[in-house]
Amino acid sequence: MIFTVFKKELRDTLRDRRTVMMMIVIPTLVFPMIMSVFMSVSESFQKKAAEKKVKIGLVSNQVGSLEADLLKVPESLGKKEFIPFTDTVSLIRAIRMDSIQVGIYIPNNAEQLKSAMQPISVTVFHDGTDLGMKERADAYVTYVQENWKKQRYAELKIDEAKITPFILEHSNVASSKEMIGKLAGGFLPYLFIAFGFMGCMFPAIDLFTGEKERATIETLLTTPVPRWKILFGKMGVVVLSGLLAATFNLLGIYLSIEVLNLVKDPVLLQAIKDILSPTFIIMLYALLIPLITFFAGIMIPIAVRAKSFKEAQSIISPLNLLIILPAMVGFFPGVELNEVTALIPVVNIVLATKELIAGTLEWHLVAMAFGVMVLLAVIAVLFSYRKFENENNVIS
Amino acid sequence: MIQISHLSKSFTLNRQQKKELGTNQNSVLAVDDISFECLPGRVHALLGPNGAGKTTTLRMLSTIFKPTKGSIVIDNIDAVKNPQEARKHIGFLTGSAGLYARLTPNELISYFGELYGVSKNDIEMRKKKLYDLLDMHDFQNKRIGKLSTGMKQKVSICRTMIHDPQVVIFDEPTSGLDVITAENIIQLIRDCKNQGKTVIFSSHIMGEVDLLCDDITIIHKGKVLFNDTMEAFRAQQQAPNLTAEFIRIVHDQKTETR
């Protein structure tokens with residue numbers, strides 16, 4: 001009988017356009033949309049930044065060698081145009097008005113200092129909100145400085161290697177999979193959890209409050225099916241809807257990389273392919289099933305008690321925030337799954353998924369997180385059962 | 001057969017309900033110690049003004065509500081102790097109940113047949129018989145949401161009768177229906193009676209009661225005011241017609257209560 005109720009409710013749910021949008025269409029499209037927007041914005045930003053001719057104000061009372069060398073900086077470091085200024089006050093005003101993007105101040109005694117082989121204090125004026133401009137000016141000044149250094153070593157007959165005590169090199173021992181998992185891996189569980197929750201929401205309200213509102217529950221309760229079987233049949237559809245939303249989210253990721261070719265970076269592409277392995281998917285579902293059952297167990301008592309769709313929605317929607325906020329913990333790079341975070345619902349699943357993506361899973365912590373969620377899911381189901389058994393809640 | 005003995009039902013009130021009802025009481029007694037019997041092959045009218053306790057009584061009979069006190073026996077089954085078994089014998093048709101708009105009549109009726117434990121073959125057989133009877137073949141595969149009120153009512157009848165119940169409860173089944181659709185229901189009630197089923201009929205339309213019913217129970221404020229055969233009701237009648245007589249009985253009770 002549970003399966004009979006489940007089958008009917010699933011058919012009914014899949015014919016509801018609103019639920020299908022939240023369960024299939026949006027979860028499938030969200031990742032490709034985010035990726036295509038992110039990729040096109042980042043590509044166009046990089047392209048624009050490279051093509052942009054930076055107007056650089058130059059405050060200098062003479063045309064010395066530094067000014068001349070700055071003019072000779074190659075175009076490969078970005079297009080530029082130098083505009084002379086007489087003082088820093090008008091230079092700052094011009095930056096603020098965006099008629100120039102950065103300014104370089106060269107002191108009057110620059111030539112003397114150069115001749116005396118003394119350092120020249122060069123000031124770069126920039127607007128901190130105009131991203132990338134300071135770096136462009138720094139790159140030009142650094143280019144000239146490196147050339148001058150070489151000239152000085154030659155004049156002083158110094159072997160550069162002899163005055164360089166060591167060369168610092170960095171070697172990253174983390175795999176690209178780990179890097180993505182630890183630094184950006186919080187984003188995926190966030191999506192799965194957010195859509196898992198939203199996928200449950202409309203079916204939960206429709207199958208419980210909706211039945212009350214449409215007065216169909218009365219006829220269902222006159223059938224010789226025990227209420228717990230009706231509840232389990234309906235709950236099965238609510239949980240499945242949440243899981244389907246997460247599944248379509250996963251499908252969206254797959255489509256982004258395999259069909260739409262939205263990920264161009266080969267390292268990132270390989271890392272995402274490694275992540276989407278059968279082991280990852282099985283583990284992900286093992287973590288999501290108790291979590292989504294827990295969500296269903298929270299929503300159903302509310303939906304059972306609510307008198308109208310609107311009332312149920314007004315209570316469950318804010319609950320969304322309570323779920324989403326802990327899910328955002330995964331965005332912070334330092335937060336990891338440990339004996340404490342494994343006990344915090346939602347946070348534990350986000351962090352466990354993040355570790356799973358990074359491939360740095362500690363099994364005892366995952367078991368703890370899984371155990372906590374199973375326990376909470378059982379409590380939530382029992383609570384739903386109590387509410388559904390109460391005739392005052394079910395019949396309006 | 002239905003035997004109702006000393007049946008009571010009280011509801012606990014929450015803060016909001018107390019406010020709405022303007023009372024400080026923690027509970028409200030909707031049905032107060034009522035007893036009556038409905039016999040097979042007879043149509044039993046259950047009448048009362050709004051808020052009299054009719055719907056609560058019918059919901060207890062159909063085992064949706066559990067009585068606070070008293071007993072209900074349906075076809076020799078204790079419906080309070082064994083509600084699931086009792087439900088197999090009951091068909092419940094209410095004018096206020098909705099249907100699943102996204103299903104087709106075929107899907108809905110098969111679903112309820114399965115819930116009542118009817119075998120697939122029997123469901124198909126009964127469906128065909130009912131579709132013939134109610135002329136439902138043309139719209140059996142259309143979504144219920146797109147059907148007219150009359151068509152929906154036919155679907156409701158079909159859903160109620162798919163398991164061939166021995167006890168059929170009709171709660172204001174003709175309210176809001178046009179004359180032709182209402183006539184279908186009246187005909188169904190007559191058919192049930194002729195087949196020897198026990199029928200309870202609750203309505204505000206005294207003309208229908210006069211036409212169909214063999215026995216009558218009038219309840220008001222949860223108590224039974226009158227319980228006898230229609231003949232006995234007509235015999236003691238003081239007012240010129242049944243509606244006036246019904247009003248008189250309820251009014252007399254109100255005066256007595258004051």
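When reading the values below, keep in mind they use all heavy atoms of this one structure, side chains included, and skip hydrogens, waters and symmetry mates. Chain letters run A, B, ... following the sequence lines, proteins first, then strands; residues in each count from 1. Just so it is clear, the model here is predicted, and its values are computed rather than measured.
- With a threshold of 4.5 angstrom between heavy atoms, F11(B) approaches chain A through side-chain atoms but not through N, CA, C or O.
- If you measure heavy-atom distances from L220(A) to chain B, the contacts under 4.5 Å come from both the backbone and the side chain.
- At a 4.5 Å heavy-atom cutoff, the contact between K7(A) and chain B is made by side-chain atoms alone.
- A 6.0 Å sphere centred on CG of N24(B) holds no more than 12 heavy atoms belonging to other residues, nucleotides or ligands.
- For Q25(B), the CD atom sits in a loose shell: 12 or fewer heavy atoms of surrounding residues, nucleotides or ligands are nearer than 6.0 Å.
- Across V5(A) and L115(B), no two heavy atoms sit closer than the pair CG2-CD2, 3.9 Å.
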Next item on the list: For side-chain contact (heavy atoms from CB on, under 4.5 Å), just list the numbers for I64(B) and T222(A), CA-CA rounded to whole Å, side-chain angles, deciding distance to a tenth of an Å, and then say yes or no.
Entry: CA-CA 6 Å; I64(B) 297 172; T222(A) 55; 3.6 Å; yes
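- By the 6.0 Å contact criterion, OH on Y254(A) is open, its count of non-hydrogen atoms from other residues, nucleotides or ligands being 12 or less.
- Residues R87(B) and T223(A) approach most closely at CD-O, 3.0 Å, considering heavy atoms.
- Within 6.0 Å of atom CZ in R42(B), more than 12 heavy atoms from other residues, nucleotides or ligands are found, so the atom counts as buried in its surroundings.
- Minimum heavy-atom separation, T219(A) to F112(B): O-CE2, 3.7 Å.
- For the pair E114(B) and K8(A), the salt-bridge criterion is not met [side-chain N within less than 4.0 Å of a carboxylate O].
- The two atoms that bring P226(A) and Q84(B) nearest to each other are CG-NE2, 3.3 Å, heavy atoms only.
- Taking 4.5 Å as the heavy-atom cut-off, the residues of residues 11-27 of chain A that approach chain B are R11(A), D12(A), R15(A), D16(A), ordered by number.
- None of E9(A), R214(A), E211(A) except one satisfies the side-chain hydrogen bond (donor to acceptor under 3.5 Å, both in side chains) rule with Y100(B); the exception is E211(A).
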